[in-house]
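This report refers to the structure that appears directly beneath it.
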Amino acid sequence: MSRTSASAEPAKPAGPGGPVERRPDDVVLSHGLKQRHLSMIALGGVIGAGLFVGSGAGIAAAGPSIVVAYALSGLLVMLVMRMLGEMSAANPASGSFSVHAERAIGPWAGFTSGWAFWTLLCVAVGIEGIGAAKIMSGWMPGTPEWAWVALFMLAFCATNLAAVRNFGEFEFWFAALKVAAIVLFLVIGGLAIFGLLPDTDAPGTANLTGEGGFMPNGTDGLIVGLLASVFAYGGLETVTIAAAESEEPVRGVAKAVRTAMWRIAIFYIGSMAVIVTLVPWDDPEVAEKGPYVATLDHLGIPAAGEIMNVVVLIALLSAMNANIYGASRMACSLVARGQGPTFMGKTNKGVPRTAVLASSVFGFGCVLLSYWRPDDVFMWLLNMVGAIILVVWIFIAVSQLVLRRRTEHEDPSRLVVRMWLYPYLTWVALAGMVTVFVLMARDDGTRTQLYYTGGLTLALAATGYARQKWARKSRTRD
């Protein structure tokens, strides 16, 4: 087996007024993903454990108006994905938004957004592993949770160490099962709403307007629901990372991004509407069992709890697999552009195996910290990555404002996907992100996350800027 370092053209400092860099992908990887893999990665990326379980907290806070909260945050995510899709179709890269930020703003921006996202994914791998282990331990009492996490980590590490096609196949079937579960839930819920399900009566608008009305906790409740819903949409970015390893990167990312829009409306907003129509928002089972289990129990579906546990387990395992993949590709891309330790940039037959191992080890380290130091170090990690996705979205929006103008001037044919009403909707999206930050600062439950995330972002930005200045001085001396 030959082992070679990831290679790429040297990254050039590119400020807003700099020249367009006409270079290939930022790192040489294989192209083993097919269009069906990309489509399912985009589809499955929308459906996470946060939707199945975490949405209960949002419903408890916002009541029926959670539908509005998910619609507003879904609109913001649609705009972000459209911007990212425009840049990724014009310049497919395994570093995705990190590459775009480097080209648009400068190396420090690529460094900051890339390593922040890598940290988020690695911590998320640990959290998802813990969640999956709890389900398995519930089914098999007496088995240690850490052993299940280790088993899952080894399995997905091995999957990602092999050819990228293996990752694609795992995600294809994981996503297919999640999609089937959501579609079945929506069909059953729709039949129940119209009174077509046996032994059920149509609820009408009783649950939407009763028990305090559509917005029982006022705007404060809606704001809490909005904050909960924004972070439930994380995961869509992976498809633009995976597109660089597909057989037809430009066509693949363009199709995946375009179809992601209506999926958000159907899966998230549609399922929230079904839940609050069928079940009283203040039913304690919504928070205790999760909204999907509570709804199925309310309809008398046998073994609803166990069915949803299987679905949640699949969602968690899928997220672990996808996050190890995304973290390894982001790390390898950063190294290829001179933005990280060289040992993480080694590839073998087009697979960044060292980055896969490093990302998996970091993720498992987070799991161990949850047992050893749950109240300080682990909680610090959770708070530190709490609002990272918003930081990434801001880099995406600013990068799109800059790169769209350059691409229109240099080569408009590369704009296979175009942001709607540019630049106005980009500015609307940026305003929306700033609004979410302000709302987080007002809320006691999220203010701490904002501080810790801000600290990590500033530390990375300072490090990236120092590296950028040092690199420029080195080139000047040479």
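For reference, positions follow the sequence shown, starting with 1.
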Measure the [atom1]-[atom2] distance between [X] and [Y] for me, rounded to the nearest 0.5 Å.
| X | Y | atom1 | atom2 | answer |
| --- | --- | --- | --- | --- |
| Met419 | Leu403 | CE | CG | 14.0 Å |
| Arg404 | Thr426 | CZ | OG1 | 8.0 Å |
| Ser73 | Ile269 | OG | CD1 | 7.5 Å |
| Leu75 | Leu425 | CG | CG | 8.0 Å |
| Leu154 | Thr159 | CG | OG1 | 10.5 Å |
| Lys178 | Phe267 | NZ | CZ | 10.5 Å |

Check: Of all residues at least two apart in sequence or in a different chain, which pass the side-chain hydrogen bond (donor to acceptor under 3.5 Å, both in side chains) check with Arg442?
Finding: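 Partners of Arg442 by the side-chain hydrogen bond (donor to acceptor under 3.5 Å, both in side chains) criterion come out as none, since no residue qualifies.
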Side-chain touch [X]/[Y], heavy atoms, less than 4.5 angstrom:
| X | Y | value |
| --- | --- | --- |
| Ser113 | Val391 | no |
| Phe437 | Ile394 | yes |
| Glu145 | Tyr371 | yes |
| Arg82 | Met78 | no |
| Phe378 | Ile130 | yes |
| Ser55 | Ile66 | no |
| Pro374 | Met379 | no |
| Phe152 | Leu317 | yes |

Item checked: Heavy-atom neighbours of Arg373 CZ exceed 12 at 6.0 Å ->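 Atom CZ in Arg373 is not crowded, with 12 or fewer foreign heavy atoms closer than 6.0 Å.
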Next item on the list: Answer yes or no: does atom OH of Tyr465 have more than 12 heavy-atom neighbours from other residues, nucleotides or ligands under 6.0 Å?
Entry: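 At most 12 heavy atoms, drawn from other residues, nucleotides or ligands, come within 6.0 Å of this atom.
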Does [Y] offer a backbone N or O that forms a donor-acceptor pair with the side chain of [X] under 3.5 Å?
| X | Y | result |
| --- | --- | --- |
| Thr112 | Ala109 | no |
| Asn160 | Phe156 | yes |
| Arg405 | Gln400 | no |
| Thr446 | Met440 | yes |
| Arg329 | Ile241 | no |
| Ser65 | Ala62 | yes |
| Asn91 | Met87 | no |
| Ser98 | Gly110 | yes |
| Arg353 | Leu161 | yes |
| Arg414 | Thr407 | no |

Ignoring hydrogens and angles, write down the donor-acceptor pairs under 3.5 Å from the side chains of residues 452-463, residues two or more places apart or on other chains.
| unit_1 | atom_1 | unit_2 | atom_2 | d |
| --- | --- | --- | --- | --- |
| Thr453 | OG1 | Asn383 | O | 3.3 |
| Thr453 | OG1 | Met384 | O | 3.0 |
| Thr453 | OG1 | Ala387 | N | 3.1 |
| Thr453 | OG1 | Gln449 | O | 3.0 |
| Thr457 | OG1 | Thr453 | O | 2.9 |
| Thr463 | OG1 | Ala459 | O | 2.8 |

Next item on the list: List the steps, then state whether side-chain contact (heavy atoms from CB on, under 4.5 Å) holds for Arg251 with Val416.
Entry: CA-CA 8 Å; Arg251 187 177 73 87; Val416 180; over 6 Å; no
Only distances under 3.5 Å count here; give the side-chain donor-acceptor pairs of residues 115-126 to other protein atoms, sequence neighbours excluded, each with its distance to 0.1 Å.
| unit_1 | atom_1 | unit_2 | atom_2 | d |
| --- | --- | --- | --- | --- |
| Trp115 | NE1 | Gln339 | O | 2.7 |
| Trp118 | NE1 | Ser359 | OG | 3.0 |
| Thr119 | OG1 | Trp115 | O | 2.8 |

Next item on the list: List the steps and the verdict of side-chain hydrogen bond (donor to acceptor under 3.5 Å, both in side chains) for Tyr422 and Glu408.
Entry: CA-CA 12 Å; Tyr422 168 83; Glu408 283 181 333; 5.5 Å; no
Looking only at heavy atoms, which two atoms of [X] and [Y] are closest? And how far apart?
| X | Y | result |
| --- | --- | --- |
| Gly340 | Val335 | C-CG2, 3.9 Å |
| Ala104 | Arg406 | O-NH2, 3.4 Å |
| Leu381 | Cys366 | CD1-SG, 4.0 Å |
| Glu128 | Met320 | OE1-N, 3.5 Å |
| Pro423 | Leu401 | CB-CD2, 3.8 Å |
| Ala89 | Val253 | CA-CG1, 3.5 Å |

Next item on the list: For the residue pair Tyr325 and Phe167, categorise the inter-ring angle as parallel (less than 30°), tilted (30 to 60°) or perpendicular (more than 60°).
Entry: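 Rings of Tyr325 and Phe167: parallel, under 30°.
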Notebook entry, point to check: Is it the case that Glu86 and Trp420 place a side-chain donor and acceptor less than 3.5 Å from each other?
Noted result: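 Not at all, the side chains of Glu86 and Trp420 share no donor-acceptor pair under 3.5 Å.
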Notebook entry, point to check: If we ignore angles and hydrogens, is there a donor and acceptor under 3.5 Å between the side chains of Glu245 and Ser94?
Noted result: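 Not at all, the side chains of Glu245 and Ser94 share no donor-acceptor pair under 3.5 Å.
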Next item on the list: May I have the step-by-step check of side-chain contact (heavy atoms from CB on, under 4.5 Å) for Met433 and Val436, ending in yes or no?
Entry: CA-CA 5 Å; Met433 297 168 204; Val436 173; 5.7 Å; no
Next item on the list: Apply side-chain contact (heavy atoms from CB on, under 4.5 Å) to the pair Glu237 and Ser96, showing each step before the final yes or no.
Entry: CA-CA 8 Å; Glu237 302 83 7; Ser96 187; 5.8 Å; no
Check: Under the side-chain contact (heavy atoms from CB on, under 4.5 Å) criterion, do Ile105 and Val398 qualify, and how do the steps go?
Finding: CA-CA 8 Å; Ile105 307 169; Val398 174; 3.8 Å; yes
